[in-house]
Structure formats: C-alpha cells, structure tokens
Amino acid sequence: MASSANAATGPGDPDSPPLFLDLAALEEAARQQLPAAVHDYYAGGAGAEITLGEATAAWRGWRLRPRVLRGDAPPRLATTLLGEPVATPVGVAPWGFQAMAHPDGERATARGAAEVGALMTVSTSANTALADVAAVTPAGPRWFQLYQLHSREYTDDLARRAGAAGYTALVLTVDVPVLGRRLRDLRNGFDLPAGLLMANHPGAGGAPVSMRAAESPAWTSADIRRLADLSGLPVVVKGVLRGDDAVRCVQAGAAAVWVSTHGGRQADPVVASADALPEVVDAVAGEVEVYVDGGIRAGSDVLVALALGARAVFVARPTTWGLAAGGADGVARVLGGLTGELSHTMVVCGLDDVRSVPRDTVVRAGRPAG
C-alpha cells in the first residue's frame with residue numbers, strides 16, 4: 001500500500017502536502033491479490049463496457065474556473081447528508097460480496113470509512129449481516145441499500161431491521177430489474193465462490209447463493225413511501241439518470257435521489273453520470289439532496305460534481321481496490337486520499353466550503369465562460 005497512497009497526513013491538513021493517491025497502482029496491487037475472475041467481476045461492466053469506459057472521461061469534460069485573491073485557508077470539508085454530519089462529501093457506494101476482496105469484508109470497509117468520517121452504504125448483498133456491520137468499532141455513519149432478493153415480507157423485514165440497527169437511510173437501487181449482460185463474467189463462467197454466504201438472506205447465518213439469486217424484481221414508485229413508513233427512515237432512490245424520473249421520485253416521497261449508472265454494469269451505453277447530473281439537479285430544484293457516483297477518480301472530479309449540484313459523491317471500485325490491497329487501512333487511504341485531493345483543489349480554486357461550491361466554478365471544455 002505504501003507505494004499506492006501516502007496517508008501520513010489527514011484530509012485537509014494545512015501543514016502538510018496533499019495526499020497522493022495512485023489508483024492505477026492500487027488496482028494493480030489488488031489485481032495481484034485477487035483471482036482473475038474475481039477481479040473481472042469487480043472491474044467489469046455490461047455490454048461493450050462503453051458506459052464504464054466513458055465514466056471518468058465525462059468528469060474530465062468539465063474545466064475548473066479558479067478564483068484568486070481568496071487566501072489559502074484550509075476549506076471546510078465537513079457536510080451533512082440528510083441532516084447527518086460527515087467529515088467528507090466522499091462516501092462509499094454499496095457493493096456486494098466484499099468477502100471476495102478481503103476476509104474481513106464489510107467490517108473492514110466500515111472501519112476504514114469510520115476512520116475518515118465517511119458515510120458507508122451497506123449492500124443487501126453483503127457477506128456480513130447488517131446488524132454486525134452496524135456493530136463495528138469505531139462506528140461511522142451508515143445507510144442500508146435494499147434489493148428485493150426474496151419475498152416482499154422478507155424485504156420489508158430487512159427494512160425494519162435496518163432502522164432498528166441504527167442505519168439512518170434506506171437506499172433503493174432501482175436500475176436492476178434484471179442483471180446487466182456482463183460479458184467478462186460470462187466468458188469466465190463466473191459464479192460466487194462455494195461457501196460464500198449472503199448474510200442478509202433468510203436462514204440462520206445467511207444462505208449460499210449464486211448469481212442467479214442476485215436478480216432483483218423491479219421496485220415501483222409506491223414502494224418509496226411504503227418502505228419509509230415501515231422502516232422509519234428516509235428513502236434515497238439510486239439509479240436515476242433523467243430529470244423527469246427524479247421528479248417522479250420526489251413526488252413519491254423520496255428524501256434524495258442518487259444519479260448512477262450502476263458502475264456501467266446495467267444498460268450499455270447510457271448517459272454518463274457527469275452528464276446526467278445537471279439535468280437531475282435542475283429538475284428537483286433544491287427540493288431534495290442529489291448524490292452521484294460513477295467514474296470519480298480524483299479530487300477534481302469530486303469538485304466538479306459539487307459544482308454541478310451534488311451534495312456528495314460515492315465511490316465503489318476505488319474502495320474495492322483499497323480493501324483488497326490493504327483492508328480497513330486501504331479503504332481509509334482511498335477515502336482520505338480523495339478528500340485530501342479535494343481539499344487541495346479547493347484551495348487552488350479559491351473555494352472554502354464543500355457545501356457552497358458555485359455552479360460557475362465549472363464550464364464545459366471548449367466553451368467560453370459566462
């Protein structure tokens with residue numbers, strides 16, 4: 001890990017240089033730790049992987065417009081998500097089967113996220129039961145991502161259990177009526193390793209699963225308010241790429257919407273998150289918070305997202321590589337590294353607070369400002 005990320009200083013430390021995070025080197029270190037088919041499962045996308053390939057480039061299609069004569073005080077990186085304090089606007093997106101990356105799985109990710117004060121979203125497809133992730137010390141802010149993998153009754157029970165275990169929001173992932181056609185997995189004949197448990201499935205201690213068992217019936221708009229009432233939690237709708245869909249979510253009772261292409265693992269090709277975000281933000285017009293994931297690989301990408309109206313960003317693959325290469329410390333280094341880069345970029349752009357990044361901080365590449 002030392003060659004991949006220097007985490008000797010904390011995010012936003014004004015007396016030290018920004019953290020250096022080499023995500024390409026980190027992925028290579030993870031690749032060396034993982035079976036080839038498991039790496040491909042985490043790294044791959046759907047179809048021709050056009051969505052996957054365009055994700056980061058879409059953030060780089062914007063240009064920063066720095067302000068000057070603003071001083072060089074360390075910017076405020078703390079914010080709130082649905083009213084819950086976090087130390088950074090960079091959080092962990094939900095991803096399943098983390099025990100394939102590291103024996104401690106979701107527990108290690110939770111410890112790493114808590115170390116830097118980042119919010120973690122725990123997947124229904126976790127190898128660790130939702131209550132056991134919640135019990136990790138140190139504890140950190142956490143949401144629970146919900147699929148319909150079994151009966152409606154069992155799914156409703158999961159929603160109630162998340163509320164009882166101290167999760168502070170439910171995240172409905174709405175873009176998986178069926179699994180995307182993931183050609184790397186098909187070529188590899190990939191299935192989940194024998195003995196791997198999906199701990200949030202029925203049965204004591206979880207149940208062995210296959211990829212077929214991971215398919216999720218589609219949610220409907222009526223589920224948003226129903227699950228909020230069942231769990232006592234606000235509901236975030238994840239997988240929104242259109243402004244009209246975002247408005248429908250808000251009308252149905254969503255507390256926030258999350259712009260996402262599911263890591264390029266569902267429909268392909270689709271509009272990049274960076275291109276969909278402005279439309280969604282404009283459509284909800286400040287009624288609810290908007291989050292985004294998809295291809296964010298640098299602090300400058302985070303700043304672009306904040307300027308376009310996102311309240312926070314979430315990352316999955318970078319934390320996957322951090323977990324595989326370094327466990328909880330690796331996850332903390334990724335989240336701390338991205339936050340450190342964000343802090344540095346804000347200073348050089350004359351910005352002082354992640355909660356108030358003006359829209360005119362960015363302009364499309366090749367277009368005149370103003």
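Residues take their numbers from the sequence shown, with the count starting at 1. All of these numbers come straight from a predicted model, not from anything done at the bench.
- Using a distance-only test at 3.5 Å, with no hydrogens or angles considered, a donor-acceptor pair links the side chain of Thr121 to the main chain of Val92.
- Side chain of Tyr154 to backbone of His201: a donor-acceptor contact under 3.5 angstrom is found.
- Rounded to the nearest 0.5 angstrom, Leu335 CG and Glu115 CD are separated by 9.5 Å.
- Salt bridge absent: Arg226 and Asp229 never bring a charged side-chain N and a carboxylate O closer than 4.0 Å.
- Under 3.5 Å, the side chains of Gln33 and His39 contain no donor-acceptor pair of N or O atoms.
- Between the side chain of Arg142 and the main chain of Gly140, a donor-acceptor pair closer than 3.5 Å is present.
- Crowding of Arg242 atom CZ: a count of heavy atoms from other residues, nucleotides or ligands under 6.0 Å not exceeding 12.
- Arg111 has no carboxylate O lying under 4.0 Å from a charged side-chain N of Asp329, or vice versa, which leaves the two without a salt bridge.
- Summarising the geometry, atom CG belonging to Asn127 is positioned 4.0 Å from atom CG belonging to Leu196; distances are rounded to the nearest 0.5 Å.
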**Item:** Derivation of the side chain to side chain contact (heavy atoms under 4.5 Å, CB included) call for Val362 and Leu308
**Value:** CA-CA 8 Å; Val362 297; Leu308 294 177; 3.8 Å; yes
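- Checked by atom type and distance alone, the side chain of Gln145 never pairs as donor or acceptor with a backbone atom of Val171 at under 3.5 Å.
- A salt bridge is defined here as a Lys NZ or Arg NE, NH1 or NH2 lying under 4.0 Å from an Asp or Glu carboxylate O, and Arg364 with Asp275 meets this definition.
- Judged by distance alone, the side chain of Asn188 and the main-chain N or O of Phe190 form no donor-acceptor pair under 3.5 Å.
- No path of Ile, Leu, Val, Met, Phe, Trp and Tyr side chains, each step under 4.5 Å between heavy atoms, connects Val122 with Leu81, placing them in separate hydrophobic clusters.
- Looking at Asp360 and Arg67, a side-chain N of the basic residue comes within less than 4.0 Å of a carboxylate O on the acidic one, giving a salt bridge.
- For the pair Glu106 (side chain) and Thr128 (backbone), a donor-acceptor distance under 3.5 Å is present.
- The side-chain heavy atoms of Val334 and Leu338, taken from C-beta on, include a pair separated by under 4.5 Å.
- Side chain to side chain, Gln266 and Arg182 meet the donor-acceptor criterion of an N or O pair below 3.5 Å.
- Side-chain contact between Phe314 and Ile296: absent, with no pair of heavy atoms (C-beta onward) separated by less than 4.5 Å.
- Judged purely by atom type and a 3.5 angstrom limit, Asp282 has no side-chain atom pairing as donor or acceptor with the backbone of Glu279.
- Here Arg161 pairs with Asp157 in a salt bridge; the nearest charged N to carboxylate O distance falls below 4.0 Å.
- Under a hydrophobic-cluster definition in which Ile, Leu, Val, Met, Phe, Trp and Tyr are linked whenever side-chain heavy atoms come within less than 4.5 Å, directly or via other members, Trp59 and Leu241 are assigned to the same cluster.
- Relative to the six-membered ring of Tyr41, Arg265 meets both conditions, a distance below 6.0 Å and an angle of at most 45° to the axis.
- Side chains of Asn200 and Thr124: no donor on one and acceptor on the other come within 3.5 Å.
- Here the side chain of Arg355 pairs no donor or acceptor atom with the backbone of Thr80 at under 3.5 angstrom.
- For Thr56 (side chain) and Gly295 (main-chain N/O), a donor-acceptor pair under 3.5 Å exists by modelled atom type.
- Atom CZ of Arg160 has more than 12 neighbouring heavy atoms from other residues, nucleotides or ligands inside a 6.0 Å radius.
- Residue Glu49 qualifies as enclosed at atom CD: its count of foreign heavy atoms under 6.0 Å is above 12.
- With hydrophobic clusters built from ILVMFWY side chains whose heavy atoms lie under 4.5 angstrom apart, Tyr291 does not share a cluster with Val315.
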